[in-house]
Amino acid sequence: MPSKKRTRRKKKNEELNNLAETLKSYGLRDKDAKKQSGKHRGPPKARSVREHGDPRFAPIIAAALSKQGSVKRATHSFHTYPAGMHPDCARMIIDACPGSVHDPFCGGGTVLVEAVLAGRQVSGSDLSPIALLVSNARTAGPELATPLRSAARKIAAQAQLRIDVDVHEDLNNWYEPHVAQELGRIRDEIPKYAQEVQPLLRAVFSSIIVKSSYRKSDTTNHREPHHRPVGTTAVLFHKKARELGRMLENMPSSQPHIFEGNACTQIPPEPVDLILTSPPYPGVYDYLPLQQLRYLWLGIENAKVAQEIGSRRSFRAQGRQEALKEWQERTDEWIKTQTSNLTPQGKFAIIVGDGLVGGKLVDTLFPTVESLKRCGMKVVARASADRPDHARGAIRIEHLVLAEREG
Ligand SMILES: C[S@@+](CC[C@H](N)C(=O)[O-])C[C@H]1O[C@@H](n2cnc3c(N)ncnc32)[C@H](O)[C@@H]1O
């Protein structure tokens, strides 16, 4: 596409996104903005999907990779999380592979939610404390729905009283003063409620931190000042808690094991039948620093940023070659660690996509397959799809690889 046209389209998308945000901040429905844009949330359409390998699995893998658009079912739409897997994609892979499920890069918990819904034994880990907060909230049981709503109603009422609270000075830059005060009051009220409901209240609080700030979105630090009327931040908190409560009512009671862990060193807690995961693509995101506003509000210190794999900042700091070498070494390490507790018949499914470094694409399929082979795994089937990356004006190839032990 000629670059002028691309710039015009990018600008139009930005305008539509701004419109959506503005509508939301005035309490109007997101649907109104979507109607104007005609666009869906979720992964963009996969073009030209190619499949290879075992005909029992290859069509399933290709169909799973082709899933697109937003999914409202279960708890998937609660709390934003960058680069989430498509829930239907996770579900198709889970349905094709029996037994327990583990995701060592669980992020917002898409795989965990789908595995819980499928009635499997489930575990997941991640380096990011926000990933753990979101994953735990999305897999919580229906018994917490009522206590959550009741606590949130009282907190929202309290947050509207004009009592001065302390707010970290780094946060004041990102909020209108009355919004920062309402958020501070919500934060201070949460510890007054029962232990079991506090993580859910924190997750709900976390879900409005970026939305009510000047930050344009979760994945950028660009500022977009907008006005949020007095009292609406507390109302938004209550609304989000009610939404999560409604979603939890339809979740099964389950106890997934979700814990902090570096995928390179932390083996799955039990022998596992399916590892289904999506590691960071090289040079695309800085998952841990992106959550800085949330760390400040939630009092989270020492998020383990140095252990993050494939971060964008590492490519900037070390240069393409060095950072790529490091990404490949980390890929070797995490695949080896995770394979070490895979059952003999177990399956390993990885979704990985081209990285983007200095405007150039970085292939991830070959190094991933080579790492699997070095761990005694062979590829059963795989699929690849061209995925338009509207934000960066590029087409990136995404791959879904299904592997099992040799022999
Ligand atoms: C592509 S996202 C996973 C998204 C997830 N599949 C979902 O649906 O939300 C990659 C995740 O890897 C995590 N991560 C990065 N380096 C890690 C490491 N060394 N160990 C564990 N998790 C890591 C990031 O925090 C991020 O949540």
Side-chain angles (χ1 to χ4, degrees), residues 41-43 64-65 67 70-71 74-91 93-94 101-116 122-139 203 218-219 258-268 275-292 294-295 300 303-315 323 326-338 349-356 364 368 387 389 396 398-400:
R41 291 216 195 110
L65 194 61
K67 294 293 174 188
S70 73
V71 167
T75 49
H76 289 300
S77 55
F78 170 69
H79 205 297
T80 50
Y81 199 85
M85 194 182 290
H86 196 284
D88 295 343
C89 171
R91 186 53 183 258
I93 306 297
I94 291 167
V101 181
H102 179 67
D103 183 351
F105 298 100
C106 68
T110 314
V111 168
L112 312 187
V113 171
E114 286 304 313
V116 161
V122 186
S123 57
S125 57
D126 200 289
L127 211 50
S128 159
I130 302 304
L132 305 180
L133 187 73
V134 179
S135 288
N136 271 307
R138 284 189 183 167
T139 54
D218 267 46
T219 50
I258 301 170
F259 54 97
E260 187 195 295
N262 179 352
C264 297
T265 51
Q266 179 80 53
I267 65 168
I275 293 169
L276 169 54
T277 197
S278 175
Y281 305 170
V284 176
Y285 284 123
D286 285 316
Y287 284 100
L288 278 88
L290 273 177
Q291 305 291 357
Q292 188 57 24
R294 294 192 170 99
Y295 300 153
I300 295 169
K304 298 190 169 137
V305 287
Q307 294 173 28
E308 184 179 343
I309 294 177
S311 68
R312 208 171 161 190
R313 64 190 178 282
S314 68
F315 278 82
E326 189 181 288
W327 181 83
Q328 285 172 3
E329 284 166 8
R330 294 292 94 80
T331 300
D332 259 359
E333 281 173 23
W334 79 258
I335 290 183
K336 188 171 174 206
T337 302
Q338 301 308 314
I350 306 175
I351 298 188
V352 72
D354 281 346
L356 198 61
T364 48
T368 303
R387 191 88 74 185
D389 179 340
R396 296 197 284 133
E398 207 160 31
H399 314 275
L400 206 173

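Read the numbers this way: they start at 1 and go in the same order the structure lists the ligands and their atoms. Just so it is clear, the model here is predicted, and its values are computed rather than measured.
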So which bit of [X] gets within less than 4.0 Å of ligand 1, heavy atoms only: side chain, backbone, both or neither?
{"X": "Pro104", "result": "backbone"}
{"X": "Met85", "result": "both"}
{"X": "Phe105", "result": "both"}

Whether the side chain of Glu308 engages the backbone of Leu288 through a donor-acceptor N/O pair (distance < 3.5 Å, no angle test) should be reported. yes

Could you check whether any heavy atom of [X] sits closer than 4.0 Å to an atom of ligand 1, since that is the contact criterion I want to use?
{"X": "Gly310", "result": "no"}
{"X": "Ser125", "result": "no"}
{"X": "Cys264", "result": "no"}

Geometric N/O contact Gln307 with ligand 1, under 3.5 angstrom: yes

Polar contacts were defined as any N/O atom of the residue lying under 3.5 Å from an N/O atom of the ligand; does this apply to Tyr81 and ligand 1? yes

Pick from Leu127, Asp126, Leu290: the one approaching atom 25 (O) of ligand 1 most closely through a non-hydrogen atom: Asp126

With respect to Thr139, which candidate in Thr75, Val134, Val113 satisfies the side chain to side chain contact (heavy atoms under 4.5 Å, CB included) definition? Val113

Does a salt bridge link Glu333 with Lys336, judged by any charged N lying under 4.0 Å from a carboxylate O? no

